[in-house]
There are 2 protein chains.
Amino acid sequence: MNQTGIPDIIVGRLPKYLRALQNMTSGGIVKTSSQELGNYLGISAAQIRKDLSQFGEFGKQGTGYSVPVLIQELQRILKVDRVWDMALVGAGDLGHAIARYQGFIDCGFVIKLVFDADPQKIGQPLGTFVIQDIADLVTAVQASNIEVAMITVPPQAAQSVADLLVKAGIKAILNYAPVTLNVPGDVHVQHIDPVIHLQHMTYYLE
Amino acid sequence: MNQTGIPDIIVGRLPKYLRALQNMTSGGIVKTSSQELGNYLGISAAQIRKDLSQFGEFGKQGTGYSVPVLIQELQRILKVDRVWDMALVGAGDLGHAIARYQGFIDCGFVIKLVFDADPQKIGQPLGTFVIQDIADLVTAVQASNIEVAMITVPPQAAQSVADLLVKAGIKAILNYAPVTLNVPGDVHVQHIDPVIHLQHMTYYLE
DNA sequence: TAGATTGTTAATCGATTAACAATC
DNA sequence: TAGATTGTTAATCGATTAACAATC
């Protein structure tokens, strides 16, 4: 799963560095330091330097890092110096919101296919897409060479959708359904569940 | 921030245990073991036992854990044996999807107020809510004694919304905007950003 | 130059795992 | 009882931090 030997916990921080640097760019900042970046992210400067040093030497003693250079390097490392096509499965409220979200493209992602099982929805437009029958998922995804998918179906349907996606050759799944997915070892899964985050915080309240 | 001395990384796993147990209940399972639960979540049995042992002795040697008992204990520990009122700020596509989401209430949360800054949206219905003017946020949130909020506004507006929420006495923020929020130390922030998860996975692809 | 900041090493800190006595 | 599984301890493993020589 981890071909390069870089700890996954470090890989997981790189997208956060990238986002912070892109936010800095929007603010017109072109130079930064591990100190400044760490301050912004609530992470120690030493950790940022150590993380980056796993991949190369991107800074200069005395002056720090060039923001555009570091952005470029991180995009290359994370393989988002290209655009990844994605399939979206589940055209409910959340699926609609995600299909219309404008924030993917500048980060290396674009939705290409949208599926649902509901006959009422199949054939309907969703933004610039036409909702396709989930029965055609395997064929359509295979034909498009898509490797990344998002699941926004009800929890009971999520595992069977995951099975279809795996069959279609998908290698990365972002799962919005509140269930643990069972997939082969070569398929990556990440999970988004607002309730998990809310319950994490309520522990500390009162 | 961590009053009880329990490591935050352990607290963060408890909601996952709770969700897994609730999924088991839906499947009619009433007994489980650290082995089975760990298997389901991809976590070691030893870690689950160690985590739980921080809070008490909830199992029985030889037989494992009662699912409903463990659910109850976790709900108590996470303080979701009650219902937390929430404010939602941002009535765009994502805000709409979240406002309509049915998965909060059984997990200890209910949206009570929805705000937006757009005059076109203020006064409009959103599900069972009426979208309120963000100018009234501080007064309305204070009057309702709400401590938990979700931010689903565009990135440029997120920090100023966070400032308003802090002013209104909010102590926990779930932030969907792709920016780092600056808040006082007694305010908890959790962040949801699909791009971060996608970029984490693309590192391993190809 | 003097000041600042990197990349890296060694030391510290904390989290995970293995193992097992206790006991249901 | 015999088998299974807990709660917990000690050992291992890995991640973070502190410190500093190198150098821009």
- prompt: Taking only N and O in the side chain of B:Tyr65, is any of them less than 4.0 Å away from OP1 or OP2 of C:dC24?
  reply: no

- prompt: If you draw the axis of the six-membered ring of A:Tyr65, does the NZ or CZ of A:Lys60 fall within 45° of it and under 6.0 Å from the ring centre?
  reply: no

query: Rounded to the nearest Å, what distance is computed from the CZ atom of residue B:Phe58 to the P atom of nucleotide D:dG7?
result: 8 Å

query: Do the side-chain N or O atoms of B:Ser44 get closer than 4.0 angstrom to the phosphate oxygens (OP1, OP2) of C:dT17?
result: yes

Complement of C:dC13, any strand, by Watson-Crick or G-U distances under 3.5 angstrom: D:dG14

task: Answer yes if the side chains of B:Gln159 and B:Asp163 hold a donor-acceptor pair under 3.5 Å, and no otherwise.
output: yes

field: Nearest-angstrom distance from the residue atom CG of B:Leu52 to P of D:dT5
entry: 16 Å

query: Can you tell me how far P of D:dC20 sits from CD of A:Gln61, to the nearest Å?
result: 17 Å

- prompt: Around atom NZ of B:Lys121, are there more than 12 heavy atoms of other residues, nucleotides or ligands at under 6.0 Å?
  reply: yes

- request: Measure from CD1 on B:Ile10 to C1' on C:dG14 and round the result to the nearest Å.
  value: 10 Å

- request: Starting from P on D:dC13, measure out to CD1 on A:Ile9 and report it in whole angstrom.
  value: 18 Å

- prompt: When you measure from the side chain of B:Ala46, which nucleotide among D:dA18, C:dA18, C:dT16 comes out closest?
  reply: C:dA18

- prompt: Would you call the rings of B:Tyr203 and A:Phe55 parallel, tilted or perpendicular, where under 30° means parallel and over 60° means perpendicular?
  reply: perpendicular

task: Provide, to the nearest angstrom, the distance between the NZ atom belonging to A:Lys60 and the C1' atom belonging to C:dG7.
output: 14 Å

query: B:Gln47 has an atom CD; how far is it from atom P of C:dA15, in whole Å?
result: 10 Å

- request: Please state how far atom CD in A:Glu57 lies from atom C1' in D:dT23, giving the value in whole angstrom units.
  value: 11 Å

- request: Tell me which of B:Arg49 and B:Thr63 sits closer to the 5' end of DNA chain C, going by the nucleotide each one is nearest to.
  value: B:Arg49

message: Please name the nucleotide paired to D:dC24 by Watson-Crick or G-U wobble geometry with both distances under 3.5 Å, or report none.
response: C:dG3

Mate of C:dA19 where both pairing distances stay under 3.5 Å, Watson-Crick or G-U: D:dT8

Donor-acceptor side-chain pairing of A:Asn182 and B:Tyr40 below 3.5 angstrom: no

